[in-house]
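These notes are about the structure you will find just below.
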Amino acid sequence: MEQVNHLVAERLARLGAYGWFLLHDVHWPGRPLARLEHVLVGPGGVVVVNAKNWSGRVDVVDGALRQNGHDRFPAVEAALAQAAAVAAVLPAQRRRLVRSLICLTAQPELQGTTGSGIEVRGIDCVTAAVTDLPDVLDAPSVLRLYAQLGQLLTRPQVPDAGLAGNPGLRGAAGGNGGGAGTARLGVAGSTGHPGTDDRLRRPAKRRPVPPHYLYGQDRRPGTVTHVVGRSLVAGLVSAALLAPPLWLLWELLPK
């Protein structure tokens, strides 16, 4: 699969000449263990590209993506979920600009669109599908949106109380922190390594260290002395209470 992603990345790199920026291997928002293979940001909006290397016959029939006659709806559903997750971290006015595309490497000339609106393109047709999108962003807006997604999709996926249920709020709360991890950012065809967002570095909670006592010794000062003193006092009091009166002893002495 790594070779497939590398092949698709090389093809998408050609879009740099058309003002598109590319993010590789970034977080899937809301799913810390999942990744997005490729995310394009350019004049046509945001395109999440999912690379597939399926064998056999693949086509789109009556709006359904099929492989060897079998419906591959789970792949379409995953593409929809990826676009929705990326849209959720953006401001409301930008969410409609996000779409998904399935790129097939073994069927280079395939072109089709599912009933749910997911475009399916062979690798030889993917660049044309992206450049044919109508322009919805100017150059400064593309740069701002690319920088924002670069932060949101590369920062560590740390659940935040009050924001975990609404990724859009978490995106709006993001500042100027950079990304982290193995994500690669840059103009299509180039890569870079963003910095780590310091605001997400939370101090580790330290558990209280239990007191260490040595066998037969107490670490608190003066404890042994106090115990011995109390024992002596208790012994003297007990002896005084139990001892017979002196006059009785005097009477018992032989005369």
Side-chain angles (χ1 to χ4, degrees), residues 1 4-16 18-54 60 65 72-92 94-105 110-123 125-134 136-137 141-142 145-155 157 167-168 171 179 181-189 191:
M1 191 61 188
V4 173
N5 285 325
H6 183 69
L7 180 63
V8 173
E10 287 183 342
R11 193 61 58 92
L12 296 178
R14 301 177 183 179
L15 293 168
Y18 301 92
W20 286 84
F21 294 80
L22 185 58
L23 302 172
H24 292 295
D25 189 28
V26 293
H27 293 301
W28 182 329
R31 297 180 57 179
L33 300 181
R35 312 287 292 181
L36 302 177
E37 296 163 355
H38 313 283
V39 179
L40 286 163
V41 184
V46 179
V47 183
V48 182
V49 180
N50 194 351
K52 300 293 184 184
N53 186 31
W54 292 346
V60 180
L65 177 61
R72 296 305 301 265
F73 179 71
V76 176
E77 195 173 37
L80 290 170
Q82 289 176 346
V86 173
V89 303
L90 294 177
R94 300 294 192 194
R95 294 174 185 172
R96 61 182 180 83
L97 306 180
V98 183
R99 66 180 69 208
S100 276
L101 183 149
I102 296 177
C103 179
L104 301 171
T105 57
L110 179 63
Q111 299 187 54
T113 303
T114 68
S116 55
I118 300 298
E119 297 187 41
V120 182
R121 296 290 187 272
I123 192 168
C125 305
V126 66
T127 55
V130 175
T131 55
D132 288 345
L133 293 174
V136 293
L137 296 172
S141 298
V142 170
L145 185 57
Y146 168 68
Q148 183 179 17
L149 281 177
Q151 296 172 6
L152 296 174
L153 300 183
T154 58
R155 64 175 49 174
Q157 299 290 284
T182 59
R184 298 179 292 277
L185 294 79
V187 179
T191 60

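All residue numbers refer to positions in the sequence shown, counting from 1.
Once rounded to the nearest 0.5 Å, the distance linking CG of L133 with CG of L40 reads 9.5 Å. Distance check, rounded to the nearest 0.5 Å: CG of L101 to CD of Q82 gives 11.0 Å. Atoms CG and OG1, from L110 and T105 in turn, are 11.5 Å apart once rounded to the nearest 0.5 Å. Taken from CG in L80 to CD1 in I118, the straight-line distance is 4.0 Å, to the nearest 0.5 Å. For the atom pair CD1 (I123) and NZ (K52), the distance works out to 14.5 Å, reported to the nearest 0.5 Å. Taken to the nearest 0.5 Å, the CG atom of L145 stands 11.0 Å off from the CZ atom of F21.
In this view, R99 and E119 satisfy the salt bridge (Lys or Arg N to Asp or Glu O under 4.0 Å) rule, not counting sequence neighbours. For R94, there are no salt bridge (Lys or Arg N to Asp or Glu O under 4.0 Å) partners at least two apart in sequence or on another chain. Not counting sequence neighbours, the partners of Q111 by the side chain to side chain contact (heavy atoms under 4.5 Å, CB included) test are R121, C125.
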When you look at W20 and V47, which way does the side chain to side chain contact (heavy atoms under 4.5 Å, CB included) test go after all the steps? CA-CA 10 Å; W20 286 84; V47 183; 4.2 Å; yes
Evaluation steps, side chain to side chain contact (heavy atoms under 4.5 Å, CB included), between H24 and H38: CA-CA 5 Å; H24 292 295; H38 313 283; 3.0 Å; yes
Report the C-alpha distance between T127 and R11 in whole Å, list the side-chain angles of each, state the deciding distance to 0.1 Å, and finish with yes or no for side chain to side chain contact (heavy atoms under 4.5 Å, CB included). CA-CA 7 Å; T127 55; R11 193 61 58 92; 4.0 Å; yes
Could you go through the side chain to side chain contact (heavy atoms under 4.5 Å, CB included) check for L23 and Y146 one step at a time? CA-CA 9 Å; L23 302 172; Y146 168 68; 3.5 Å; yes
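Considering all non-hydrogen atoms of both residues, A79 and S100 come closest at O-OG, 2.6 Å. The two residues V142 and G19 make their nearest non-hydrogen contact at CG1-O, 4.0 Å. Of all the heavy atoms in I102 and A75, the pair that sits closest is CD1-O, 4.0 Å. Across all their heavy atoms, W28 and A78 have their closest contact at CH2-O, 3.9 Å. A pairwise comparison of heavy atoms in C103 and V8 identifies SG-CG2, 4.2 Å as the closest pair. Residues L36 and H27 come closest through the heavy atom pair CD1-O, 3.5 Å.
With contacts defined as side-chain heavy-atom distances shorter than 4.5 Å, the pair V86/L152 does not qualify. Side-chain contact between L12 and V126 is present, with at least one heavy-atom pair separated by less than 4.5 Å.
With hydrogens and angles disregarded, a donor-acceptor distance shorter than 3.5 Å links the side chain of R35 to the backbone of D25. When atom types are taken as modelled, the side chain of R95 and the backbone of L90 share a donor-acceptor pair closer than 3.5 angstrom.
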